[in-house]
Amino acid sequence: MPNQIKSLSKGLKVYKSIVDHGKPILAKTLCKSLNIDKSTMSRLLQTLKDEGFISYLENSNEIIANSIADKTNQSTKIELLINKTNILLEDIAKSTGECAYIGIFDNYKMLYLNQIDFSKRAIKTRNNIGVHAQLHTNAIGKSILAFGNYDLEKIKLNQYTSTTITDIEKLEDDLQKVRDRGFSIDNKEYQDGMCCVAVPLFNKENILIAAVGISGSSTRLDLNKILEIGNNISDLVSKYEIVY
């Protein structure tokens with residue numbers, strides 16, 4: 001039997017055992033019941049987790065199976081959100097001349113859902129759709145943190161550039177500034193030479209669902225330009241009612 005098929009078979013047996021167990025289970029219990037060594041089990045569980053089939057209970061090593069229905073519903077909601085906000089992103093890209101994004105909170109990371117870039121520059125922003133980023137390092141993530149209800153203690157404040165915020169008190173201060181002005185700024189905090197501006201996006205029930213914004217070269221986006229774009233995007237967002 002080919003190795004890929006063997007791995008798939010083992011992965012399915014592990015997933016079935018987790019589902020059949022009906023309650024949280026530890027990896028060592030799975031190893032014992034299925035006679036799979038620790039390193040192989042670790043690889044199988046990581047794959048199942050990456051593909052969204054299992055999760056770990058908060059602050060524990062206990063494993064639970066994710067509902068396939070829930071996963072399907074989440075994918076449907078994401079597709080709907082992308083469709084509902086596509087025109088908004090197009091307007092932001094046209095208005096600012098920069099690459100426009102939308103991102104959401106995803107397990108204490110920011111997930112890029114869509115981006116639109118109408119510029120004719122020789123060097124364009126890389127395609128980030130489907131990519132995760134640390135919440136504290138970028139404008140979209142900071143807008144989500146500022147206007148959502150999340151535990152900042154769960155964020156790993158890793159440093160990426162000399163301007164990355166790595167202190168929780170400084171992050172709290174920065175998020176208060178975001179609330180005060182209504183939009184967030186990333187001043188080369190994730191990537192040298194790149195600046196970002198983002199605005200929170202609420203649905204008609206005033207529930208935070210995402211954040212939208214732009215990124216561009218710091219040579220084009222000085223502080224005055226960033227503030228201008230932030231207000232510009234805020235005005236554009238205020239004209240849209242997102243039914244979601």
Side-chain angles (χ1 to χ4, degrees), residues 42 45-46 49-52 54-63 66 74 78 81 98-115 125-202 207-219 221-223 225-227 229-230 233-234:
S42 178
L45 291 174
Q46 186 61 50
K49 180 177 181 293
D50 290 344
E51 294 300 324
I54 64 169
S55 300
Y56 287 86
L57 288 181
E58 189 173 324
N59 299 321
S60 80
N61 293 319
E62 294 182 301
I63 304 159
N66 294 337
Q74 178 65 9
I78 286 175
L81 180 58
E98 302 292 348
C99 184
Y101 300 90
I102 181 170
I104 61 171
F105 179 90
D106 184 39
N107 195 26
Y108 278 89
K109 290 185 179 180
M110 190 277 291
L111 172 63
Y112 289 100
L113 296 186
N114 194 16
Q115 73 181 63
T125 305
R126 68 183 183 185
N127 187 339
N128 285 318
I129 297 174
V131 173
H132 285 87
Q134 299 298 324
L135 289 161
H136 70 292
T137 64
N138 59 88
I140 288 181
K142 288 197 284 185
S143 272
I144 290 170
L145 288 177
F147 292 94
N149 184 24
Y150 302 111
D151 183 359
L152 298 185
E153 296 287 348
K154 293 183 179 180
I155 300 173
K156 295 180 180 179
L157 300 177
N158 298 326
Q159 185 165 6
Y160 293 83
T161 71
S162 61
T163 57
T164 304
I165 297 174
T166 57
D167 178 84
I168 193 164
E169 291 185 0
K170 290 182 179 179
L171 179 59
E172 289 172 342
D173 289 343
D174 191 67
L175 296 180
Q176 186 56 53
K177 292 176 182 176
V178 174
R179 297 183 194 102
D180 291 342
R181 65 176 171 248
F183 59 87
S184 54
I185 294 171
D186 157 18
N187 180 26
K188 297 173 286 187
E189 294 165 46
Y190 184 63
Q191 184 179 348
D192 285 321
M194 295 295 291
C195 290
C196 307
V197 188
V199 174
L201 190 63
F202 299 89
I207 297 172
L208 179 73
I209 55 174
V212 293
I214 60 95
S215 70
S217 169
S218 58
T219 58
L221 302 177
D222 59 20
L223 180 58
K225 187 65 175 178
I226 285 174
L227 294 176
I229 289 177
I233 298 175
S234 295

Query raised in the report: Would you say S143's side chain and A198's backbone share a donor-acceptor pair under 3.5 angstrom?
Result: yes
Query raised in the report: Are the side chain of N128 and the backbone N or O of V131 linked by a donor-acceptor pair below 3.5 Å?
Result: no
Query raised in the report: Is Q176 atom CD crowded by more than 12 heavy atoms from other residues, nucleotides or ligands, each under 6.0 Å away?
Result: yes
Query raised in the report: Going by the angle between their ring planes, with limits at 30° and 60°, are F147 and F202 parallel, tilted or perpendicular?
Result: perpendicular
Requested in this report: Using side chain to side chain contact (heavy atoms under 4.5 Å, CB included) as the criterion, point out the one residue from L81, I140, I209 that pairs with I104.
Outcome: L81
Query - Donor-acceptor pair, side chain of Y108 and main chain of D151, under 3.5 angstrom - result: yes
**Report entry** Approximate separation, where rounding is to 0.5 Å, of L208 CG and I144 CD1
**Finding:** 6.5 Å
Query raised in the report: So, T163 and T161: side-chain donor and acceptor under 3.5 Å apart, yes or no?
Result: yes
Requested in this report: Determine yes or no for a side-chain-to-main-chain donor-acceptor pair under 3.5 angstrom, with D186 supplying the side chain and C195 the backbone.
Outcome: no
Query raised in the report: Is there a donor-acceptor pair under 3.5 Å between the side chain of S217 and the backbone N or O of M194?
Result: no
Query raised in the report: Can any side-chain N or O of H136 pair as donor or acceptor with the backbone N or O of N158 at less than 3.5 Å?
Result: yes
Report task. Report yes or no: does D222 contribute a side-chain atom to a donor-acceptor pair with the main-chain N or O of K225 at less than 3.5 Å? Result -> yes
Query raised in the report: Within the side chain of Q159, is there an N or O that forms a donor-acceptor pair under 3.5 Å with the backbone of T166?
Result: no
Report task. Would you indicate whether the side-chain heavy atoms of F183 and I229 approach each other to under 4.5 Å? Result -> no
